[in-house]
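All ligand and atom numbering here is 1-based and tracks the order in the structure. Hydrogens, waters and symmetry mates are skipped; everything else that's a heavy atom, side chains included, is used. One is the number of the first residue; the rest follow in order along the sequence.
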Amino acid sequence: MTNFIEVRDATKTFRMQYHRSLKQMVLAKARGMKTHDTFNAVDGVSFDVAEGEAIGLMGLNGSGKSTLLKLISGVMVPDSGSVLTRGRIAGLIATGAGFDPQLSGRENLWLNAAILGMSEAETRRKFDEIVAFADLGKFLDTPVTYYSSGMKARLGFAVAIHVDSDIFIADEALAVGDRPFKRKCKNKLDEIKKSGTTIFYVSHAPGAVRNLCTRVLVLDKGRLAFDGGVDEGIHFLKYDDNETDVAGDPTDDGLGADI
Ligand SMILES: Nc1ncnc2c1ncn2[C@@H]1O[C@H](COP(=O)(O)OP(=O)(O)OP(=O)(O)O)[C@@H](O)[C@H]1O
């Protein structure tokens with residue numbers, strides 16, 4: 001089977017600045033103190049994803065999941081190693097990042113669709129469907145600056161999910177959606193999966209990962225700590241016991257915390 005994603009020894013390094021002002025920095029330097037440090041948010045990660053796989057990317061806060069998604073989507077490039085992808089990528093990284101707050105939802109829909117690579121004809125064809133999915137009612141013609149975070153996520157997701165893509169990436173943008181919207185998103189993601197699209201899905205919710213994914217990757221401090229079956233991955237993270245109310249959330253009915 002063809003690989004749709006190939007990640008080879010990918011590393012992304014960030015700089016951590018200890019001081020906020022130039023004055024503080026100069027003083028620290030004069031005292032021989034460190035002014036910054038670097039660390040690898042993604043550290044020597046390698047894996048392949050075959051066509052049609054649905055990957056659940058899991059790991060604790062700050063383990064590097066969003067950074068890895070940014071490398072895959074091309075928003076960032078690795079400092080060393082390589083990330084190769086095949087076909088069109090759509091998804092939900094920092095949903096609404098391309099929104100102009102002064103423009104209305106309708107105008108931003110067009111803008112976002114263009115940013116995600118949809119042609120004018122394609123957007124026109126799918127416009128009503130996207131509007132129905134976002135379900136913003138009269139707010140469609142209100143400037144996005146007045147939208148709640150949930151409303152922005154709805155519009156962003158509605159556009160992203162209507163792009164015909166080979167790889168669909170979903171970060172935790174859906175955490176802010178209400179329950180009926182999450183249910184709608186879950187159904188749409190199931191549909192996308194059935195159509196054979198490769199999925200990369202970041203989640204802390206074991207139920208949602210069990211429902212959607214066929215394989216789990218776990219990051220730990222930027223390194224790939226686990227790559228294998230869904231149940232084994234959830235067990236590896238100890239998200240399947242009842243010791244913690246976050247990981248073993250008894251209310252996680254499969255719609256999960258973020259879908
Ligand atoms: N642009 C950046 N500049 C500097 N540090 C960054 C940047 N983006 C992320 N980081 C740091 O990189 C580390 C990994 O962050 P990342 O957002 O990838 O983690 P995550 O696993 O997605 O976390 P969460 O589950 O909390 O969303 C964190 O320590 C974060 O502070």
Side-chain angles (χ1 to χ4, degrees), residues 5 7 9-21 24-25 28 34-47 49 54-83 85 89 91-98 149-150 152-153 156-157 160 167-177 182 185 199-210 212-213 215-227 230 233-234 236-240 244-249 252 255-259:
I5 304 174
V7 179
D9 211 15
T11 296
K12 184 73 197 173
T13 307
F14 288 130
R15 195 181 157 105
M16 211 162 29
Q17 204 74 43
Y18 290 141
H19 306 284
R20 290 171 66 95
S21 72
Q24 285 175 335
M25 224 152 72
K34 260 186 155 180
T35 55
H36 72 273
D37 228 333
T38 55
F39 72 101
N40 294 337
V42 172
D43 192 0
V45 169
S46 299
F47 60 88
V49 177
I55 308 291
L57 180 58
M58 305 182 83
L60 300 179
N61 290 138
S63 55
K65 302 179 298 295
S66 302
T67 308
L68 180 59
L69 286 199
K70 285 176 187 156
L71 297 179
I72 291 170
S73 65
V75 171
M76 283 180 178
V77 287
D79 293 303
S80 63
S82 63
V83 176
T85 57
I89 301 180
L92 282 169
I93 297 180
T95 312
S149 49
K152 278 187 244 176
F157 191 83
I167 301 171
F168 189 84
I169 290 180
D171 204 344
E172 293 154 308
L174 301 179
V176 286
K182 283 181 186 176
C185 293
I199 292 176
F200 222 88
Y201 174 60
V202 172
S203 177
H204 292 287
V209 172
R210 272 202 187 93
L212 184 71
C213 301
R215 177 178 156 200
V216 162
L217 303 181
V218 178
L219 285 182
D220 180 17
K221 298 187 184 79
R223 300 193 70 88
L224 187 59
F226 177 90
D227 177 356
V230 172
I234 289 167
F236 177 87
L237 270 168
K238 300 189 173 55
Y239 276 15
D240 56 356
T244 83
D245 54 355
V246 177
D249 182 359
D252 175 13
L255 288 175
D258 51 352
I259 184 153

- Message: As an exercise, state the distance from CG of L69 to CE of M76, rounded to the nearest 0.5 Å.
- Response: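 Taking CG in L69 and CE in M76, the distance rounds to 11.0 Å.
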- Going from CZ on F200 to CD1 on I5, what distance comes out if it is rounded to the nearest 0.5 angstrom?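 Interatomic distance, F200 CZ to I5 CD1, rounded to 0.5 Å: 5.0 Å.
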- Message: For the backbone of L219 and the side chain of K65, can you confirm whether one donor and one acceptor N or O come within less than 3.5 Å of each other?
- Response: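 Not a single qualifying donor-acceptor pair exists.
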- Sub-3.5 Å donor-acceptor pair from the side chain of D220 to the main-chain atoms of A225, do we have one?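 Judged by distance alone, no pair lies under 3.5 Å.
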Heteroatom proximity flag, [X] to ligand 1, N/O under 3.5 Å:
| X | value |
| --- | --- |
| R15 | no |
| A41 | no |
| G64 | yes |

- Message: Please work out, at 4.0 Å between heavy atoms, whether the side chain, the backbone, both, or neither of L60 comes within that distance of ligand 1.
- Response: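 The answer is the backbone of L60.
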- Does H204 come within less than 4.0 Å of ligand 1, judged by its heavy atoms?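 It does, in that a heavy atom of H204 comes within the 4.0 Å cut-off of ligand 1.
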- Let me know which of V49, L57, V202 forms a side chain to side chain contact (heavy atoms under 4.5 Å, CB included) with L217.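 The option that passes is L57.
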- Item | Ligand-side contact atoms (ligand 1) for residue partner K65, heavy atom cut-off under 4.0 Å |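 Matching atoms, with element in brackets: 18 (O), 19 (O), 20 (P), 21 (O), 22 (O), 23 (O), 24 (P), 25 (O).
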- Query: Which of the atoms in ligand 1, numbered in the order shown and given with their element, are less than 4.0 Å from a heavy-atom of T67?
  - Reply: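 Those atoms are 15 (O), 16 (P), 18 (O).
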- Query: Would you call the rings of F157 and F168 parallel, tilted or perpendicular, where under 30° means parallel and over 60° means perpendicular?
  - Reply: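 Plane angle over 60°, so perpendicular.
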